[in-house]
Amino acid sequence: MTTTTTGTTDSQIVPAKLDAVLASGPRPPRAGAVTTSLAFGWRAILRIKHVPEQLFDVTLFPIISVLMFTYLFGGAIAGSTSTYLQFLLPGILVQTVVMITMYTGVAINTDIEKGVFDRIRTLPIWRPSALVGALLGDAVRYTLASLFVVALGLILGYRPGGGAIGVVAGIAVLMVFCFAFSWIWTWVGLLARSPQSVMGISMMVLFPLAFLSPVFVDPSTMPNWLQAFVEVNPISHAVYAVRGLMSGDAVGDEVMWTFAAAAVIVLIFAPLTMRAYGRRR
């Protein structure tokens, strides 16, 4: 290390020159809402890369569900496993993707527990971008889960009457619904004390909603009082819409009900989430 005649060292001169260069140029523009949201979305996707076990629920869960219900109960419920598969697979698709919406809240609560969330909140960015980015990243998980379930069904013999267009339309409707549903668990993730609490709360809500729906059986076989609950269950309308689109049936009313349910969920839980986000210390 050399010393100048004024007593300053090279290690002091270099940062001073760097500061002078940065000060002389224009200040970089502040990142916009879209840019920061996409950055946090990419961060959520990188979690899958570094922790691939997160995809177990996307792969193993639908395999177990489809095989178990098709080959154990298909003959008893529908008379043949192939007939039951045509009915079951769209329902399993909805159930699989809806069940993994809980991980949005789990991931956010994990960041809170580790202190990462507090650091993110201090950044000079659009405040909701961390939350929106997490939801966008999980939308990739939903897409992967949907493609995996459909591919599994095709291998086992499922043949969608609506063709490729019906399958794409059904998945698109499901993505809208699940993106809205994720806001519930984002809110829970901000309030819960631990990731285990988020998972426990979400499972207590999701399991009854998923099973008390037309995923596995026709609701007409249920008691009247139970049919009344099934018909107002938002997951039921998503199942009807996705099953109808993939089968090539006219289900425009069910699609509208699904979109309406998604809109109501966002209108209720997005403000609650932002309020909880702003009140965290």
Side-chain angles (χ1 to χ4, degrees), residues 58-59 61-101 139-182 206 209-222 227 229-265:
V58 176
T59 55
F61 180 73
I63 289 177
I64 295 172
S65 298
V66 171
L67 295 179
M68 182 176 67
F69 282 95
T70 299
Y71 296 107
L72 286 181
F73 306 117
I77 294 174
S80 70
T81 55
S82 58
T83 300
Y84 187 57
L85 181 64
Q86 305 304 311
F87 175 87
L88 175 69
L89 192 100
I92 290 291
L93 171 61
V94 174
Q95 184 196 48
T96 298
V97 181
V98 168
M99 293 292 285
I100 63 177
T101 58
V140 176
R141 288 168 55 87
Y142 306 156
T143 303
L144 291 174
S146 300
L147 295 176
F148 183 83
V149 172
V150 171
L152 175 64
L154 293 175
I155 292 172
L156 295 177
Y158 175 72
R159 297 297 178 261
I165 295 177
V167 172
V168 172
I171 292 176
V173 171
L174 181 59
M175 292 300 102
V176 173
F177 178 75
C178 289
F179 181 83
F181 214 78
S182 296
L206 286 174
L209 288 178
F211 281 90
L212 297 178
S213 71
V215 169
F216 301 104
V217 296
D218 188 339
S220 62
T221 61
M222 303 177 185
Q227 289 185 41
F229 175 82
V230 171
E231 293 304 321
V232 298
N233 182 355
I235 294 179
S236 296
H237 294 292
V239 172
Y240 287 136
V242 173
R243 181 176 287 146
L245 289 170
M246 295 178 69
S247 300
D249 300 329
V251 286
D253 55 339
E254 294 297 343
V255 173
M256 293 306 299
W257 276 113
T258 303
F259 286 157
V264 170
I265 291 172

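Position 1 is the first residue of the sequence, and the numbers go up from there.
Panel note: side chain Q227, backbone M222; a donor-acceptor pair is recorded below 3.5 Å. Judged by distance alone, with hydrogens and angles left aside, the side-chain atoms of S247 form no donor-acceptor pair with the main-chain N or O of G244 at under 3.5 Å. The backbone N or O of G157 sits less than 3.5 Å from a side-chain atom of Q86, completing a donor-acceptor pair. A side-chain donor-acceptor contact under 3.5 Å links T221 to the backbone of D218. Under a 3.5 Å cut-off, the side chain of R243 and the backbone N or O of F87 do form a donor-acceptor pair. A donor-acceptor pair is defined here as one N or O able to donate and one able to accept, closer than 3.5 Å; such a pair exists between the side chain of N233 and the backbone of I235.
Across all non-hydrogen atoms, the minimal contact from P214 to V230 is CD-CG1, 4.0 Å. Taking every heavy atom of both residues into account, V251 and L245 meet most closely at CG2-N, 3.7 Å. For the residue pair A139 and M175, the shortest heavy atom distance occurs at O-SD, 4.2 Å. When all heavy atoms of T81 and G75 are compared, the closest pair comes out as CG2-N, 4.2 Å. Smallest separation of non-hydrogen atoms from T258 and A241: OG1-CB, 3.7 Å. Taking every heavy atom of both residues into account, A145 and V97 meet most closely at CB-CG2, 4.2 Å.
For E254, the side-chain hydrogen bond (donor to acceptor under 3.5 Å, both in side chains) partners two or more places apart in sequence, or in a different chain, are H237. By the ring-ring contact (aromatic ring centres under 6.0 Å, His included) test, F177 is found to be paired with F181, residues two or more places apart in sequence or in another chain being considered. Contacts of V264 classified as side chain to side chain contact (heavy atoms under 4.5 Å, CB included), with partners at least two apart in sequence or in another chain: I268. For the side chain to side chain contact (heavy atoms under 4.5 Å, CB included) test, residues two or more places apart in sequence or in another chain that qualify with F148 are T59, P62, I63.
Side-chain contact between V150 and M246: present, with at least one pair of heavy atoms (C-beta onward) separated by less than 4.5 Å.
More than 12 heavy atoms of other shown residues, nucleotides or ligands fall within 6.0 angstrom of atom CG in L67. Atom CE of M68 sits in a crowded spot, with more than 12 heavy atoms from other residues, nucleotides or ligands closer than 6.0 Å.
For the residue pair T143 / S146, no side-chain donor-acceptor distance below 3.5 Å is found, with atom types taken as modelled.
Screening residues 64-79 for side-chain hydrogen bond (donor to acceptor under 3.5 Å, both in side chains), with sequence neighbours left out, gives no hits. Residue pairs satisfying the side-chain hydrogen bond (donor to acceptor under 3.5 Å, both in side chains) criterion with at least one member in residues 173-182, sequence neighbours excluded, are listed as follows: Y142-S182.
Using a 30° and 60° split on the angle between ring planes, F216 and F211 fall in the parallel class, below 30°.
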- Given the rule in the side chain to side chain contact (heavy atoms under 4.5 Å, CB included) test, do Y240 and V94 qualify, once you have shown the distances and angles that lead to the verdict? CA-CA 10 Å; Y240 287 136; V94 174; over 6 Å; no
Practice problem: Check step by step if side chain to side chain contact (heavy atoms under 4.5 Å, CB included) holds for Q95 and V239. | Solution: CA-CA 8 Å; Q95 184 196 48; V239 172; over 6 Å; no
